[in-house]
Amino acid sequence: MEKNFRPDELETKIYDNWVRQGYFHATVNKSKQPFTIIMPPPNITARLHIGHAFTCTLQDTIIRYKRMKGYEALLLPGIDHAALATEVKVTEKLRSEGITKESLGREKFLKVMDDWYKEYGGEILSQFRAMGLSCDWDRQAFTMDEPRCRSVHEAFVRLYKKGYIYEGNRITNWCINCKTALSDIEVEYENNDGSIWYIKYFYEGSDSEYITVATTRPETMFGDVAVAVNPDDDRYQDMIGRKLVIPTTDRAIPIIADAYVDKDFGTGMVKITPAHDPNDFEVGARHNMPIISVMNDDGTMNSYAGKYEGMDRLECRKALVEELKQGGYLLKVERHNNNVGHCCRCHTIVEPFVTKQWYVAMKELAKPAIEAVKNGSVKLIPKRFEKLYLSWMENINDWCISRQIWSGHRIPVFKCQDCGANNVDYTDPTTCAKCGSHNLVQDPDSLDTWFSSALWPFSTLGWPDKTEDLKYFYPTNLMVTAYDIIFFWVARMIFSGIEYTGKPPFSEVLMHGLVRDNLGRKMSKSLGNGIDPLEVINKYGTDTLRLSLLTGIAMGQDAKYGQEKIESARNFINKLWNASRFVIENIKTFDYKYEPIKDLELTIADEWILSSLNDTIASVTKSFDKYDLSVVVATLYEFVWNKFCDWYIEIAKTSLHGTQQEKNRVCNVIVYVIDKILKLLHPMIPYVTETIYQELPVHGPSIMVEDYPTYIKSMRYSDSSKIFESMIEVVKSVRNIRANMNVADSMKAPLYVENVAGYDLTSLGDAMMKLCSGKSIQFVSSKIEGSDVISIHSEVMNLYIRSGDMVDKVSEIARLNAELKKIDAELARSNNLLNNPGFVAKAPKNLVDSEKEKVEKFTKLRATVCENLSKLNG
RNA sequence: GGGGAAUUAACUCAGUUGGUAGAGUGCUUCCGUCACAUGGAAGAAGUCAUAGGUUCGAGUCCUAUAUUCCCUACCA
């Protein structure tokens, strides 16, 4: 074996082999319980960034664990066409080549989209492979492939027929750049340092009597239909019903009363512009007001704006304000802070705009989805996201699902050109169901991409067909996703699953945080600050990437990702590699024979490591089942590095210089432990564990289909553990003294070990000497005494070391004094507790007892330290 | 306006039936020893944001406050 693990050469080979063996493929297997994770399909807009790698790693780690635990594990991969987002990208790309969407026409444009899908889809899938995902390639899906088109179609038709989908002429968020409607959650609000203009509206027929209206968007005044006051506002009672003239025009509008107006804000008078403000739209509707749109769909002013026709809305604002100023209409301007909506795709300022769109009525659909989370049939992890989910669902607005774009799923509504009826019957779209006409034209719009995403947990399993897959793997077990798409996606999957299949689509949702860059910024495609996971893979390997992503994270909590985590992960993998290499190389040097643990004559050290391994297995399994992967990693890190490598392997080196029998014993134990370690770690770091596993003297065809280690009752050795841990304490004390005294290697300080508790320590003698840094210490077989002998006591052994002239007395006295201080603090603490009657009366007995034991122990220790001190001083 | 999260060592972060605070990185000192210098050994380092409360006992539970961030909302 080479000195360092070389992932680059091995990963592809190993991965291909896994695929070839069919390990990733899940089958309908009635004798096993399924565990299903449908992967969130990444947008096909670009290559994957580190955030995707994070989600992928979580999922693959969990699915590998479940597979080893004996489940029929399915990780189903897929990609999302991301209708609008991709169309924006492709349109931009075309524009850079001097081509417009319109000049190509719908059909040709969709061909360009197809090419894009192929290019980026392939790239994303190969990135999945590079990350080592054990996903079932036979079931890979795309939100725009034929089966998924059928699902979407069916879903739309069903909802339509139940009356949940309706066409409405309402005010919607409109992006003047993408020229499409957006759903509420596709609008990002940003704080804007704007202005608020106070404008005089003169009464009709008067040029001196006026009222003042405040607005942040003066250009919309051409669409004003009224000015509203609060019905309870005493100031304005007698004005209601009078008419005002819109400045610079000759159009008159009434003053109306509506409770929407806040008496205490601004002047208490609001101009009502139903076409350009959602609230005004409501007010207008209540009062039967007309809707006057003053803009075109590209954000330029239309003829209602008079001489400003054709001017962009923001330019018009500037010019109009100037005109108002000149005309004496402008009373004052104030700075005003408000939130302005931007298109989440192209970042243009969104205009509220009245258009005809398709909506899903959400009220009824939300009800069972709320219930599912409330009654626990869907669990969100961490739990706090349930509150977030519920508050959104309980206040949900109807979902605008139409987009004025070409890509994506075209709305399956065929409008009869003769009678105007909408035909959604999927089987016969050529004949109008109402009048029999063949003059049908399909709605030109496409569906919001989330409409197809909402079906993902079951469309991927064959729905609406009643497939075996659906029966067996659905409802799925776990959905892993970042918390930022809880509304976009999770909520919609839940209500869709219940609506279409009668069951919630999954029982648990694991919500992780966002991976941020080292400045704490969200990594996003649009910002372009994403780290390419492939770069990390190329430099350090997939295992390092995966392990580094799982280090130091908490579910639902954002994490910064940087070089430190990467290096720490790499170092650990290197450590694991070398510990394994150590034994693998060693068993080649003698006549190694495999023996089961139960046939070996175990030493205290053996029993300690086996016991400790056993505890680790129990703890890891518990954390895994809670999806606390970061804790799993930390637990294994600690065991492998600080227990197995630092102590067991070190002490085993002595046995390796012993008899054939000893060598064979210790190698069998090491191999056994390593085998378990590899299996425990495999879900996180699949490649290095597989590689080492194949080098072990006894191994199966692949570690990924082995059983996950389980806790073994008979492998608890509490006595040995106690002795060995005591020994560790003693060794550390000796090392500490050595380091303090600056003992030269040539000094050979005599050290005597006295057995206190009656345990057999013979097997530890030589090994201990080594661990104490043998060169400067020499073990002696008879007790040593004298004024220069320093003693160290533990529960199972006492140590006596002759300090002689080697002691740096000053620093040793300082060290002992420091220790004395600590001991006194401990004693004070324990005595304090024990003197507290409340503690003694109410605390659990074992705690009280352990405090008593501590007092005893520290009292003894104190005496020793004092004795050593007085010797040094004397 | 409403909701949520965060605040723990120099840095990045863990820490649930409440029981004497942990890791990684960095720092100080020592070590080319035959698994690993991507390493080994020893060590320093924290009023767990603040103030109250509950409790025998609080990083942990409760109530305020401060700072930072996120989500959400119709204040023109």
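From a predicted model like this one, the values you see are computed outputs, not experimental measurements. Below, chain A is the first sequence line, B the second, and so on; all start at residue 1.
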*For the pair A:Lys271 and A:Asp224, find out whether any cationic side-chain nitrogen is under 4.0 Å from an anionic carboxylate oxygen.*
yes

*Quick one: are the ring centres of A:Phe54 and A:His512 less than 6.0 Å apart?*
yes

*Take atom CG of A:Leu380 and atom C1' of B:G4, then tell me their distance rounded to the nearest Å.*
14 Å

*Polar side chain donor-acceptor pair, A:Asn173 to A:Asp184, under 3.5 angstrom*: yes

*Would you mind classifying the nucleic acid contact of A:Asp262 as base, sugar-phosphate or nothing, using non-hydrogen atoms under 4.0 angstrom?*
base

*For B:G43, which nucleotide is its Watson-Crick or G-U wobble mate, given both distances must be under 3.5 Å?*
B:C27

*Between A:Lys575 and A:Tyr637, is NZ or CZ placed under 6.0 angstrom from the six-membered ring centre and within 45° of the ring axis?*
no

*When all nucleic acid strands are considered with a 4.0 Å heavy-atom cut-off, which category describes A:Ala579: base, sugar-phosphate, or nothing?*
base

*Using the C1' atom as the reference point in each nucleotide, state the distance between B:A64 and B:G26 in Å, no decimals.*
38 Å

*Is there a Watson-Crick or G-U wobble partner for B:U38 with both distances under 3.5 Å, and which nucleotide is it?*
none

*If you look at every strand shown and take non-hydrogen atoms under 4.0 Å, does A:Asn4 touch a base, only sugar-phosphate, or nothing?*
base

*Under 6.0 Å from the six-membered ring centre of A:Tyr198 and within 45° of its axis: does the NZ or CZ of A:Lys332 meet both?*
yes

*Name the nucleic acid region contacted by A:Val213, choosing base, sugar-phosphate or nothing; use a 4.0 angstrom heavy-atom cut-off, strictly under.*
nothing

*Quick one: is A:Trp641 getting a side-chain N or O under 4.0 Å of the B:U38 phosphate, OP1 or OP2?*
no

*What nucleic acid atoms does A:Arg384 come within less than 4.0 Å of, heavy atoms only: base, sugar-phosphate, or nothing?*
sugar-phosphate

_Nearest-angstrom distance from the residue atom CE of A:Met555 to C1' of B:C13_ = 14 Å

_Rounded distance in Å between the C1' positions of B:U60 and B:A14_ = 14 Å

*Could you tell me whether the phosphate oxygens of B:G40, OP1 or OP2, come under 4.0 Å of any side-chain nitrogen or oxygen in A:Lys575?*
yes

_So A:Tyr260, base contact, sugar-phosphate only, or nothing? Heavy-atom distance under 4.0 Å._
base

*Within this structure, what is the NE2-to-C1' distance between A:His512 and B:A5, rounded to whole angstrom?*
16 Å

*Under 4.0 Å between a side-chain N/O of A:Lys626 and OP1 or OP2 of B:U16, yes or no?*
no

*If you check every side-chain atom of A:Asn574, which of B:C71, B:G19, B:C36 has the closest atom?*
B:C36

*Can you check the A:Ile692 CD1 to B:C36 P distance for me, whole Å?*
15 Å

*Is the shortest side-chain N/O distance from A:Asn571 to OP1 or OP2 of B:G39 below 4.0 Å?*
yes

_Distance below 4.0 Å between A:Asn395 side-chain N/O and B:U72 OP1 or OP2_ = no

*Paired with B:U50 by Watson-Crick or G-U wobble geometry, both distances under 3.5 Å: which nucleotide is it?*
B:A64

*Rounded to the nearest angstrom, tell me the gap between atom CD1 in A:Ile573 and atom P in B:G24.*
16 Å

*Side chain of A:Arg570: nearest nucleotide among B:A76, B:A35, B:U38?*
B:U38

_Please report the distance, rounded to the nearest Å, between CZ in A:Arg829 and C1' in B:G57._
10 Å

*Please state how far atom NZ in A:Lys822 lies from atom P in B:A45, giving the value in whole angstrom units.*
8 Å

*Distance-only donor-acceptor check, side chains A:Tyr561 and A:Ser548, under 3.5 Å*: yes

*Across the strands shown, which category fits A:Lys565 at heavy-atom distances under 4.0 angstrom: base, sugar-phosphate, nothing?*
nothing

*Please state whether the base of B:A35 and the side chain of A:Lys653 form at least one donor-acceptor pair under 3.5 Å?*
yes

*Nearest of B:G43, B:G15, B:A41 to any side-chain atom of A:Ala554?*
B:G15

*Report the base-pairing partner of B:U17 (Watson-Crick or G-U wobble, both distances below 3.5 angstrom), or none.*
none

*Remember a base hit wins even if backbone is also touched, and classify A:Arg581 as base, sugar-phosphate or nothing at under 4.0 Å, heavy atoms.*
sugar-phosphate

*Does any donor-acceptor pair link the side chain of A:Glu567 with the base of B:U25 at a separation under 3.5 Å?*
no

*Assigned partner base of B:U55, Watson-Crick or wobble definition, under 3.5 Å*: none

_Nearest listed nucleotide, side chain of A:Glu564, among B:G24, B:G4, B:C71_ = B:G24

*So, A:Lys854 and A:Glu826, do they make that salt bridge, N to O below 4.0 Å?*
no

*Using purine N1 to pyrimidine N3 plus N6-O4 or O6-N4 for Watson-Crick, or N1-O2 and O6-N3 for G-U wobble, each under 3.5 Å, what pairs with B:U33?*
none

*asked:* Heavy atoms only, 4.0 Å cut-off, all strands: where does A:Asn339 land among base, sugar-phosphate and nothing?
replied: base

*With distance as the sole criterion, do the side chain of A:Gln557 and the base of B:A14 form a donor-acceptor contact below 3.5 Å?*
no

*asked:* Measuring from the side chain of A:Ser568 (C-beta onward, heavy atoms only), which nucleotide among B:C71, B:A42, B:G24 has the closest atom?
replied: B:G24

*What nucleic acid atoms does A:Pro837 come within less than 4.0 Å of, heavy atoms only: base, sugar-phosphate, or nothing?*
nothing

